[in-house]
Amino acid sequence: MIWIVILAFGLTVAGLYKKGYFTKETSEKVQNSTMVKSSAKVETSAKITQTLNIQAIDNSMIGDNVSIIGKITDRRDHKDGHVFLTVQDSSGEILVPIFFDKKINTDNLIVGSQFQFSGKVDEYKGQMEIIPSTQKDIVPVATSTKIEEKDEGKVVTINGKILSKYTHLKGHIFLTVKVDSTGQELDIPLFNTLHPNPDAYLINSEVSIKGKVDIYKGKLELVPNSLNDIVILKKGDETGVNNVKIADITETDRGKMVITKGFVKEVVDKDGHLFFKLSDNGKEIKAVLFKADSQEIEGRRKRILHAEKAQFEIRVLGMVDVYNDELEIIIDKVLVD
């Protein structure tokens, strides 16, 4: 009996391989999978790493997780908040329903744009569909080559991780993002005309960013046209940022995000910006919290002012900078222990 099951399983995999559903590598992975006791069903990996042609997807794959790359050719918005896409590649087209309860941001899913969609295969009224379940299942197709000066003016998409964030006193936000495919670090300016929220872009967040390549003061940068061009694939965990003593912060740390602690001294409130010093074991560093129209910023202001008055230490997350030849920390958050 066991040999019959194994033989049948091998024939099934061989048939799928001939139809082009799996590469040789994927086929070998399936053949090495174990069978579930209750149903003798073969457990493949949770995600199929190979991207399939749309034409290869049929009702024999219902319940499987697959990925496709295609262009959005139609979008219909339902009154209940669902979004229904038609996605096309060179082999055919398929439906991609995005249900409201999945909490997926669909603002950048416009007709003509190209994405990688991952999700579970299903069938509705005779039509095959792929159902994404998280934001990370919908990723703009990113460039796989290093961006160079010759690319100035081109519109490209990158996927990467936010390494640092600097909030300018005029409301601009400047990110540094490390590109996944090349390891390249790019500056991403979010100008105040876009009305960006600093708290939306956490350090270590995985992001997909579409923008125009530009060169500013000899450095490459990618300039998004709108906030919809920035997709947060996974919120960052800022606990991974290094804890550094004030005495150990040097000019080589410029542009890096750090967590440090100290007593608040000499607070000056100038036009809503707070300028002060952090002191720890006789070592000091200048710090600044720029104003912004948000309750979070107001809460940080209050904690800094209270810390000076009550004379207790605070921990801050911020970016190291050099201004007028002096080290300073541009505060992003006042951490609550």
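Quantities reported herein were computed from a predicted structural model and do not represent experimental measurements.
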### Task
Spell out, as yes or no, whether a donor-acceptor pair under 3.5 Å connects the side chain of Asp89 to the backbone of Ser91.
yes
### Message
Within the structure provided, determine whether Phe276 and Ile331 are in side-chain contact (heavy-atom separation under 4.5 Å).
### Response
yes
### Message
For the CD atom on Gln311, are there more than 12 heavy atoms of other groups (residues, nucleotides or ligands in this structure) within a distance under 6.0 Å?
### Response
yes
### Task
Would you check if Leu186 and Thr176 make a side-chain contact, meaning some heavy-atom pair closer than 4.5 Å?
no
### Message
Whether Lys120 and Asp122 form a salt bridge (side-chain N of Lys/Arg under 4.0 Å from carboxylate O of Asp/Glu) is what I want to check.
### Response
no
### Query
Under the 3.5 angstrom rule, does the side chain of Asp253 hit a backbone N or O of Ile249 as a donor-acceptor pair?
no
#### Entry: Phe174 and Tyr166 aromatic ring geometry - parallel, tilted or perpendicular at 30°/60° bounds
parallel
### Query
When clusters are formed by joining ILVMFWY residues with side-chain heavy atoms under 4.5 Å apart, either directly or through shared neighbours, do Leu85 and Ile54 land in the same one?
yes
### Task
Check whether any side-chain N or O of Asp58 sits under 3.5 Å from a backbone N or O of Ser60 as a donor-acceptor pair, and report yes or no.
yes
### Query
Is a side-chain N or O of Ser205 found less than 3.5 angstrom from the main chain of Lys235, in a donor-acceptor match?
no
#### Entry: Backbone of Ile314 reached by a side-chain donor or acceptor of Arg303 within 3.5 Å
no
### Task
Kindly compute the distance separating OG (Ser208) from CD1 (Ile138), expressed to the nearest 0.5 Å.
11.5 Å
### Query
So does Asp137 pair up with Lys102, basic N to acidic O under 4.0 Å?
no
## Note on the structure
Closest non-hydrogen contact found for Val322 with Glu251 is CG2-CG, 4.0 Å
### Query
Is a side-chain donor or acceptor of Ser164 paired with a backbone partner of Lys256 at a separation under 3.5 angstrom?
no
### Message
Run the side chain to side chain contact (heavy atoms under 4.5 Å, CB included) test on Leu278 and Val264 for me, step by step, so that the C-alpha distance in whole Å, both residues' side-chain angles and the decisive distance to 0.1 Å come before the verdict.
### Response
CA-CA 5 Å; Leu278 280 175; Val264 177; 4.2 Å; yes
### Task
Using modelled atom types only, decide if a donor and an acceptor are shared between the side chain of Glu328 and the backbone of Ile285 within a distance under 3.5 Å.
no
### Task
Just do the side chain to side chain contact (heavy atoms under 4.5 Å, CB included) check on Val268 and Leu274 with the steps written out, would you?
CA-CA 6 Å; Val268 176; Leu274 287 187; over 6 Å; no
### Message
Checking Arg254 against Asp321 for the salt bridge (charged side-chain N to carboxylate O under 4.0 Å, His left out) test, could you report, in this order, the C-alpha distance in whole Å, the side-chain angles of both residues, the deciding distance, and whether it holds?
### Response
CA-CA 5 Å; Arg254 186 175 189 175; Asp321 199 9; 3.1 Å; yes
### Message
So Lys210 and Asn225, do their side chains get closer than 4.5 Å, heavy atoms only?
### Response
no
### Minimum heavy-atom distance between Ile230 and Tyr201, given as atom pair plus value
CG2-CE2, 3.8 Å
### Query
So, are Asp280 and Lys261 salt-bridged, with charged N and O less than 4.0 Å apart?
no
### Message
I'd like to know whether Ile57 forms a side chain to side chain contact (heavy atoms under 4.5 Å, CB included) with Asp64, so could you lay out the CA-CA distance, the side-chain angles of the two residues, the decisive distance to 0.1 Å, and finally the verdict.
### Response
CA-CA 10 Å; Ile57 300 171; Asp64 291 345; over 6 Å; no
### Query
Rounded to the nearest 0.5 Å, how far apart are CG of Leu95 and CZ of Phe117?
11.5 Å
### Message
Side-chain heavy atoms nearer than 4.5 Å, only ILVMFWY residues, links allowed to pass through others: does that put Phe84 and Val87 together?
### Response
no
### Task
Look at the side-chain heavy atoms of Ile, Leu, Val, Met, Phe, Trp and Tyr, link any pair under 4.5 Å apart, and say whether Met257 and Ile162 land in one connected group.
yes
#### Entry: Test side chain to side chain contact (heavy atoms under 4.5 Å, CB included) applied to Val141 and Thr157, step by step
CA-CA 7 Å; Val141 177; Thr157 299; over 6 Å; no
### Task
Given salt bridge (charged side-chain N to carboxylate O under 4.0 Å, His left out), test Arg301 with Asp269 step by step and report yes or no.
CA-CA 10 Å; Arg301 284 174 51 85; Asp269 188 337; 2.9 Å; yes
### Beyond-backbone contact of Ser118 with Val66, side-chain heavy atoms, under 4.5 angstrom
no
### Query
Are any non-hydrogen side-chain atoms of Asn59 and Met128 less than 4.5 angstrom apart?
yes
## Note on the structure
Of all heavy-atom pairs linking Ile147 and Leu220, the shortest is O-CD1, 3.3 Å
### Electrostatic pair Asp332-Lys165, nearest N-O below 4.0 angstrom
yes
### Task
Please tell me if the side chains of Ile330 and Tyr323 come closer than 4.5 Å, counting only heavy atoms from C-beta onward.
no
### Message
How close do Ile104 and Ser133 get, counting heavy atoms only, and between which atoms?
### Response
CD1-C, 4.1 Å
### Task
Ignoring hydrogens and angles, tell me if any N or O in the side chain of Thr86 forms a donor-acceptor pair with the backbone of Thr73 under 3.5 Å.
no
### Query
Any side-chain heavy atom of Leu52 sitting closer than 4.5 Å to one from Ser67?
no
### Query
Parallel, tilted or perpendicular for His78 and His82, by the 30°/60° rule?
tilted
### Task
Find out if a path of hydrophobic residues (ILVMFWY) with successive side-chain heavy-atom gaps under 4.5 Å connects Ile68 to Ile98.
yes
### Task
Mark yes or no for whether Arg300, through its side chain, and Leu289, through its backbone, hold a donor-acceptor pair below 3.5 Å.
no
### Query
Ion pair present between Glu152 and Lys212, side-chain N to carboxylate O less than 4.0 angstrom?
no
### Query
Would you call Lys154-Asp151 a salt bridge at under 4.0 Å N-O?
yes
### Summary
Looking only at heavy atoms, the pair that brings His172 and Phe191 closest together is ND1-CA, 3.6 Å
### Query
When clusters are formed by joining ILVMFWY residues with side-chain heavy atoms under 4.5 Å apart, either directly or through shared neighbours, do Leu233 and Ile203 land in the same one?
no
### Glu185 bridged to Lys178 by N-O distance under 4.0 Å
no
### Query
What are the two closest heavy atoms between Ile158 and Val177, and how far apart are they?
CD1-CG1, 4.1 Å
### Any side-chain heavy-atom pair of Ile188 and Leu190 under 4.5 Å
yes
### Message
I'd like to know if the side chain of Gln127 reaches the main chain of Ile94, judged simply by a donor and an acceptor atom lying under 3.5 Å from each other, with no hydrogens or angles considered.
### Response
no
### Message
Taking the six-membered ring of Phe263 as reference, does the cationic atom of Lys265 (NZ for Lys, CZ for Arg) lie under 6.0 Å from its centre and within 45° of its axis?
### Response
no
